[in-house]
Amino acid sequence: MSVSPADERRVLDAVPTGLWIGGGETSADGARTLTVHDPATGGVLAEVADASPADGVRALDAAVAQQDSFAAMPPRERGEILRRGFELMRDRIDDLALLMTLEMGKPLAESRAEVTYAAEFLRWFSEEAVRISGRWATSPDGATRLLTLKRPVGPTLMITPWNFPLAMGTRKVGPAVAAGCTMVVKPAAQTPLSMLAFAGLMAEAGLPDGVLNVITTSSSGQVMEPLVRDPRTRKLTFTGSTDVGRRLVEQSAERLLRVSMELGGNAPFLVLADADLDAAVDGAMLAKMRNMGEACTAANRFLVHESVAAEFSSRLAARMGALVVGRGTDDGVQVGPLIDEKARDTVTSLVQDAVDAGAELLVGGEPAGGPGWFFPPTVLRDVPAGAALQREEVFGPVAPVTSFATLDEAVELANDTEYGLAAYAFTRDLDTAVGLMERIDVGMVGINQGIVSNPAAPFGGVKASGFGREGGAEGIEEYLETRYVGIRPSKG
Ligand code: NAP
């Protein structure tokens, strides 16, 4: 059943629209606001506070003030707050999903999947909070005892993108709370509502005031740079584009800030001659179309063995062409709009460039008219190596297929990118699978599966896709420092 305007209004009216500082809402300097739009219609959804640099400092003040007491809270209590947060997210999945669809555009079913995925980070890290431990050893010469212990790194800045408005936040907030760090979160200006709703929810879950502060702003660079350079900030964790990531690493170098970077991707999706083609097409649909292709892990280049390239491409084109495009709140819609006009124009020009370079268009290709930023699911075949589509992150529902003849050629093509986030490979041969997982230069590999994201696994990239890991046993380490204490007994 489609969502009614009254449902939309109720969900929007329930969201805090001020800055979330010190456990409650507060206006921005000069009561300035920024407008949040529905990408499916271009209509106005809400006005939220538009923070100034001084507001940013207020948020950091709140986080710094709470750091010591929060670090001293028993790990079990921190874990139980996360567990209650997980349960509240699960109970409110319908409203959180609707809010996300309204501000970001993805279909309701995908928003529900993201709320579940996002909540799982809270559950996972609620379990990790009580497993932070150290070591005890005797030095090789026997003279000293070596005690190794873990401490929370301290007040952390978190900057998140618009494509997964909740999950990119919870996979930072979850481990930070588990480790005992306070934080200032800055969501993207296009999708601030989900994070503001989440801040209110975590307060209900019992998170002490000032631990989680959220600032929304139309001037992210001006607001965040002073905070990155502030000596009280102890860590910066960023998810977003490689260009902005580079800038933030430069800023953070001045004080040698601890940094985690989850950046862009250009994932290759390999289909070997022996692959189960049904499974490969299913996997391709997931790897390409999750989040309308607006995912850092999205399959960006389909590299298919020449013996199955025609069959794979036509099956993929049939599946892509059958998808229902529309506003994410409407019944049966499988593909929502892109985030904004700029995103739609970028995708349009990447497709046009590939066609001009000689690629064959199998389905889609033309942006839709009318309100909203829609682009149809598109498949291109024989995309030449020089086309921009092979080098750049398309961030849209476009699947370029290229064929290869040998495994070495496939590996060379897969690695021919500055990025190294995710890769997918479909083969029934174990030796081929092992060879690929060892030779493709990425942080995550999906073998015979079109999704790699899992809260229990370390998510992250290499090369220009960044460094640091989110989720898994590794996720909490990003928020901990190792301290060692040497103890010399009076009698050896
Ligand atoms: P973006 O332009 O880099 O923005 C990401 C965040 O950084 C937003 O909150 C943005 O705020 C903020 N920002 C922009 N300029 C800034 C500056 N000078 N100083 C401080 N903050 C700044 O990226 P996006 O277009 O939103 O997101 C898409 C990108 O994220 C893609 O490249 C995608 O691959 C990547 N991504 C990576 C992962 C991963 O885990 N590796 C996951 C998801 C997305 P405003 O937008 O409000 O200015």
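Just so you know, residue 1 is the first one in the sequence shown, and it goes up from there. Keep in mind that what you see is a predicted model, and the values were worked out from it rather than measured. One-based numbering, in listed order, for ligands and for the atoms of each.
Under the 6.0 Å cut-off for aromatic ring centres, F426 and F269 qualify, their centroids lying closer than that.
Applying the ring pair (Phe, Tyr, Trp, His ring centres under 6.0 Å) test to F125 and every residue at least two apart in sequence or in another chain returns nothing.
Side-chain contact check for P377 versus V335: some heavy-atom pair is nearer than 4.5 Å.
Using a 4.0 Å heavy-atom criterion, the residues that approach ligand 1 are I159, T160, P161, W162, N163, M168, R171, K186, P187, A188, A189, S220, G221, M224, F238, T239, G240, S241, V244, R247, L248, E262, L263, G264, G265, C296, E393, F395, L421, F459.
Salt-bridge annotation for R171 and E470: present, with a side-chain N of the basic residue lying under 4.0 Å from a carboxylate O of the acidic one. With respect to the salt-bridge test (charged N to carboxylate O, under 4.0 angstrom), the residues K342 and D340 do not qualify.
There is no side-chain donor-acceptor pair under 3.5 Å between K106 and S111.
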